[in-house]
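Working notes, structure below.
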Amino acid sequence: MTDRSPDAVRLRDASIGYEDVPIVAHVDLTVRHGEAVAVLGSNGSGKTTLARGLLGLATVLGGDVEILGAPVGRLRDRGRIGYVPQRHTVSGAVPATVREVVAVGRLARRGLYRRLGPADRVAVGEAVAAVGLADRMEEPVASLSGGQQRRVLVARALAAQPELLIMDEPTAGVDAASQQALAEVLARVSAAGTTLLVVTHETGPLAEVLTRAVVVDQGRISYDGPLAGAATTHGDHHCGPAEDPARPGYRMDQPSVTARVLRPLGGGR
Amino acid sequence: MEILEYGFMQRALLASLLVGLVAPAVGIFLVQRRLSLLGDGLGHVALTGVAVGVLTSTAPVGAALVAAVLGAVLIELIRARGRTSGDVALAVLFYGGIAGGVVLLSLAPRGQATNLDAYLFGAITTTSSGDLVVFAAIALTVLAVVGLLGQRLYAVSDDEEYARAVGLPVLPLNVVLAVLVASTVVLSMRVVGLLLISALMIVPSAVAQLVARSFRQALYLACGIGLVVSVSGTTASYYTGTPSGGTIVLLAIAVFLLVAGAVALREATARRRHRRRGEVHAAHPHEHGPRCGHPAVPHGDHVDYDHDGHLHAPHMTGTGVHYDEHGTVTAPTGQGATGSTR
């Protein structure tokens, strides 16, 4: 079920941190459903903590933090959230295939006991196709390049068919071609109605997709407005296409599939 | 077979079969979670349970199970609070568990058989029919839970932060895994002993992770290896008169060394072959591309170029591009073959 709140994210006088130490203090922010927002800031500004507060990974120390219409700790169906962590590789100690890693994205939608069924397998296949790795489905993720492993993490988030997709530095350490391809995926996700919240210190080609910028500086929001405005008023952020956007990236092999993967806003589970 | 004529060996072999199958099925999640020593810690705690069982004249297996499960839950709660690292919590379990066990056993009345070695290192002759029934029940329960929750346990073991963010019940799943480990420790204490149980959980998984391509494959392979080394080790210990636990673990380590050596040899051979292929075209006079005049031939996940009847695969490295030899052309590859080098 989708909430009736018009806001995907709502912070009122929110302070977020770890243990008792606030990293982000007295922040007000509202993100409406369907918006594509860049959360910008330099290292240590608190932008990642802000996102982690929304995900329940950092502690809300004061104020209100609501996500998808419910206080962050009380959102029952967290499977509606997609999350791409800031992690450079996927591979764990034991080998796992692309399919196995991406299938994890479906689990939160299936409760504690229900096994993944045919519909889940279709969703996994479509999410992997959306990031251009359909032909690598049965390969161990450890055999993929760093950029490809990041795409696996994006596919894992897409497989959940999320209403709100939160990404932490998705372009860090990724070549220009992969950044461009990620921008294409996000354009489709956004067009399908998914709310995007992308934490980054460099938008690169994602600037073509993200329309609003929230700049976090020393734990407070110093700018909230059009992305272009952030580029002109905050010189240390790099908003705009990467140097070599024309370089061929990972193809959207099946754009129509990609569009179907991404459930329109307000659809059922 | 002579070995099967004895009731105690029949029971020992059955117990080792259960242990060999179950220990790696749980251990593989610990390897993935990089908590390989959790089994060791819970083995130490189980010793305190055994001692309580001996002192109170209750079944040591039942008391060990209770102690290990309580220890398992406790360690996960300590970890979840986040104020003490899993490492420190494990250390407290290690020392507290074994110290408690040794002190309590020393308080047992004189003449009461404590048989500490049998619990620490395994003793095949000590498995009773009653024990076997309990072990079978534990083994079936553990396998059923792994079958039911395996994907969730994998998810939490692989990326706990992601699992928490998307709402998987991380703490309950971690507690379930810890309880599975505790149960496996108790199941295994007669066969491999409390000090060696962790090895049977971890070493077959370590072998599997060297050769498997998927998690599922690694799980099945680890269970297969565990079963084989456990049953063969128990059989060997009968003939050699050595303790079953040590024999099984040495066998498992031998398998690990053998496979690790074979994998290293295979990789070294592949690297040598690759270098030789690279040397053939170290001074390749031009770069292959869509307009180089050599037909492109799809080959798996990449494109080769048909160059005078043999296939060139571009390979980018930090020092530039070179061409690997990917065999010869076996069928016509299309238009535009020039057969010459620009």
Side-chain angles (χ1 to χ4, degrees), chain A residues 18-19 51-52 54-59 75-87 90-101 103-116 120 133 135-136 138-145 148 153 156-157 159-160 162 166 168, chain B residues 24 27-36 81-83 144-145 147-170 172-173 176 202 204-222 289-290 298 300-302 316:
Chain A
Y18 301 98
E19 298 187 359
R52 290 173 64 84
L54 298 174
L55 292 161
L57 300 174
T59 312
L75 179 65
R76 292 173 66 88
D77 188 4
R78 297 190 72 84
R80 293 158 63 196
I81 303 170
Y83 173 46
V84 180
Q86 185 181 4
R87 193 175 162 191
V90 190
S91 43
V94 181
T97 60
V98 171
R99 183 193 297 278
E100 286 174 327
V101 173
V104 168
R106 297 294 299 171
L107 291 176
R109 290 252 172 203
R110 289 289 171 260
L112 189 54
Y113 303 110
R114 268 180 66 191
R115 298 181 70 85
L116 299 185
D120 299 302
L133 291 173
D135 56 339
R136 316 295 294 270
E138 305 303 336
E139 291 189 26
V141 282
S143 69
L144 304 183
S145 70
Q148 287 171 328
L153 292 181
R156 181 176 67 177
I166 298 177
D168 193 358
Chain B
I28 198 152
F29 296 104
L30 295 182
V31 171
Q32 180 74 351
R33 210 172 145 198
R34 295 186 163 86
L35 258 184
S36 295
R81 280 179 64 87
R83 294 187 188 268
V145 174
L148 189 68
L149 296 178
Q151 278 183 310
R152 272 95 181 155
L153 292 173
Y154 163 74
V156 171
S157 303
D158 182 53
D159 192 344
E160 190 170 311
E161 184 181 282
Y162 172 82
R164 184 171 289 123
V166 299
L168 285 172
V170 172
L173 284 169
V176 165
I202 304 308
S205 303
V207 177
Q209 85 185 81
L210 288 174
V211 289
R213 289 175 62 82
S214 69
F215 192 84
R216 181 184 291 266
Q217 211 176 63
L219 174 65
Y220 292 156
L221 196 56
D301 61 350
H302 63 277
M316 284 295 293

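Chain letters run A, B, ... following the sequence lines, proteins first, then strands; residues in each count from 1.
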Heavy-atom closest contact ([X] atom, [Y] atom, distance):
X: B/Ala165; Y: A/Ile81; value: O-CD1, 4.5 Å
X: B/Arg164; Y: A/Arg78; value: O-NE, 4.0 Å
X: A/Ala96; Y: B/Tyr154; value: CB-OH, 3.2 Å
X: B/Ala212; Y: A/Pro95; value: O-CG, 3.3 Å
X: A/Tyr83; Y: B/Tyr162; value: O-CE1, 3.3 Å
X: B/Gln32; Y: A/Val94; value: OE1-N, 2.8 Å

Once you round to the nearest 0.5 Å, how far does CZ of A/Arg109 lie from CG of B/Leu168?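 So the CZ of A/Arg109 and the CG of B/Leu168 are separated by 12.5 Å.
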
By a 4.5 Å heavy-atom criterion (distance strictly below it), what part of A/Leu107 contacts chain B: side chain, backbone, both, or neither?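 Looking at A/Leu107, backbone and side chain both touch chain B.
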
Against chain A, work out which of B/Gln151, B/Arg213, B/Gln209 has the most heavy-atom pairs shorter than 4.5 Å and name it.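 Sorted descending by pairs with chain A, the first entry is B/Arg213.
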
Any idea which of A/Leu57, A/Val104, A/Ile166, A/Leu54 has the most non-hydrogen atom pairs under 4.5 angstrom with chain B?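 Of the options given, most contacts go to A/Leu57.
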
How about [X] and [Y]: do any of their side-chain heavy atoms sit closer than 4.5 Å?
X: A/Arg110; Y: B/Arg152; result: yes
X: B/Glu161; Y: A/Arg52; result: yes
X: A/Glu100; Y: B/Asp158; result: no

Between B/Leu173 and chain A, with a heavy-atom cut-off of 4.5 Å, which part of the residue counts as in contact: side chain, backbone, both or neither?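 Interface part for B/Leu173: side chain.
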
Under 4.5 Å heavy-atom distance to chain A, tell me which part of B/Arg33 shows up: side chain, backbone, both or neither.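 No part of it gets close to chain A.
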
